[in-house]
Number of protein chains: 2
Amino acid sequence: MTEIDTTGTRELAKALVGLSHHVLHMFNDIGRGHDLTAQQTELVCAVIVRDRVRMSDLGKVMHLEKSNLSGLVDRTEKRGLIMRRRDPEDRRVTYVELTEEGRQVATSTHCEVTRRLNDLVAQLPAEVQLSLTEVVEKITES
Amino acid sequence: MTEIDTTGTRELAKALVGLSHHVLHMFNDIGRGHDLTAQQTELVCAVIVRDRVRMSDLGKVMHLEKSNLSGLVDRTEKRGLIMRRRDPEDRRVTYVELTEEGRQVATSTHCEVTRRLNDLVAQLPAEVQLSLTEVVEKITES
DNA sequence: ATGAACAGTTCTTATCATGAACCATAGAGG
DNA sequence: CCTCTATGGTTCATGATAAGAACTGTTCAT
């Protein structure tokens, strides 16, 4: 690995870490308007784009331990935004669904999230925009 | 905004959020080997690529409130990895520096971080790789 | 039936997040 | 030389998050 390579790698690392903070911090900003924490905000967004989700899948999406997720769902349920529903087919699994209020909040926040991400990538050249999703998915799926 | 646009935006949002989790979770994985939390790991990495840093700059880089950063620096200092040093020119500011042990840990973890990020982007076509840093920086700097 | 695997919960401990109040220092202007 | 204001950090209190271990129920294959 040459000097130039190292430097480039270091800059890429800085950039990617900065971007990641930027993206996840959005949930903070956006949630604040609804008096939600970042995690609660991401939770309702994750649910609304999937309609209803298993706890275990939520854990994977949000990178949370199951014990941790239990607490988050507790707090968000107490806030009246979501509810748990047992799967009658397999009574071990529980689905998370939005309440009516939860749906409203989630619609608003998720809309804001996608709007901001859109604004972010809007600065990029058109052909890069088109391939960006694919590129990012490819990066992540490993 | 058309239907197709909306769908594309939604997928992009999922992808970017997934990538961000992936990137920041790295600090978790890598830190675990050294019995460090994700934040402590990112802290020492942030210091080693900048040699010494003001508290206030660290807060910006890591998206932390100053009170929060104070605690993190406390804990990491207690672990023996960093130390604070007052700026004699302006006695309000304090710089964070690595101890000898901190430098070793930071070198190892930072190397691992860049290696993993490199592996991530290695899957991408060459011309995308070349422009990626620039693209990501442009996305973030707004 | 029995036992292994799975999905969630609960508990404990340390860490992190946030805002408000606070302290010390620096840099004006009068 | 004094205020006044701004700045950089710390401290404190409270709630939220992280991680692991032990536990409850449920399913499924012997």
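Letters A, B, ... are given to chains in the order of the sequence lines, protein chains preceding strands, and every chain is numbered from 1.
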Sugar-phosphate, base or nothing in reach of A:S56, heavy atoms under 4.0 Å: sugar-phosphate
A:R54 CZ to C:dG8 P, straight-line distance once rounded to whole Å: 6 Å
B:R50, CZ atom: more than 12 neighbouring heavy atoms under 6.0 Å: yes
Electrostatic pair B:D29:B:R116 at N-O distance under 4.0 angstrom: yes
Interatomic distance, B:E89 CD vs C:dA26 P [rounded to whole Å]: 10 Å
Nearest-Å distance for atom pair CZ/C1', residues A:R86 and C:dC6: 13 Å
Salt-bridge contact A:K138-A:E134 (side-chain N to carboxylate O under 4.0 Å): no
Contact letters for nucleotides 14-23 of chain D, in which S counts primed atoms plus P, OP1 and OP2 and B counts the base, heavy atoms under 4.0 Å: --SBBBBB--
Integer-rounded Å distance: D:dT24 P and A:R91 CZ: 17 Å
Short N-O contact, B:R115 and B:D119, less than 4.0 angstrom: yes
Sugar-phosphate only, base, or nothing, as touched by B:T94 at under 4.0 Å among non-hydrogen atoms: sugar-phosphate
Whole angstrom value for the distance that separates P of C:dA17 from CG of B:L43: 12 Å
Where at least one partner belongs to residues 47-105 of chain A, residue pairs that pass ring pair (Phe, Tyr, Trp, His ring centres under 6.0 Å), sequence neighbours excluded: A:H63-B:H21, A:H63-B:H25
Whole angstrom value for the distance that separates P of D:dT24 from CG of A:D90: 20 Å
Length of the line joining B:L36:CG and C:dA14:P, which is rounded to integer Å: 17 Å
Validation: residues 34-41 of chain B side-chain donor-acceptor distances under 3.5 Å, sequence neighbours left out:
{"from": "B:H34", "atom 1": "NE2", "to": "B:S108", "atom 2": "OG", "distance (Å)": "3.3"}
{"from": "B:T37", "atom 1": "OG1", "to": "B:Q40", "atom 2": "N", "distance (Å)": "3.2"}
{"from": "B:Q40", "atom 1": "OE1", "to": "B:T37", "atom 2": "N", "distance (Å)": "3.2"}
{"from": "B:T41", "atom 1": "OG1", "to": "B:F27", "atom 2": "O", "distance (Å)": "3.4"}
{"from": "B:T41", "atom 1": "OG1", "to": "B:T37", "atom 2": "O", "distance (Å)": "2.7"}

Protein-nucleotide distance (A:K78, atom NZ; C:dT9, atom C1'), rounded to Å: 13 Å
Sequence neighbours excluded, every pair satisfying ring pair (Phe, Tyr, Trp, His ring centres under 6.0 Å) that has a member inside residues 97-131 of chain A: none
Residue met sooner reading DNA chain D from 5', once B:D57 and A:D87 are mapped to nucleotides: B:D57
Candidates A:I48, A:T107, A:L81 - the one meeting side chain to side chain contact (heavy atoms under 4.5 Å, CB included) with A:L98: A:I48
Could I get a table of every N or O pair under 3.5 Å where one atom is in the protein and the other is in nucleotides 2-7 of chain D?
{"from": "D:dT7", "atom 1": "O2", "to": "B:R92", "atom 2": "NH1", "distance (Å)": "3.4"}

A:R84 side chain near C:dT9 phosphate (N/O to OP1/OP2, under 4.0 Å): yes
Residue pairs involving residues 113-139 of chain A (criterion ring pair (Phe, Tyr, Trp, His ring centres under 6.0 Å); sequence neighbours excluded): none
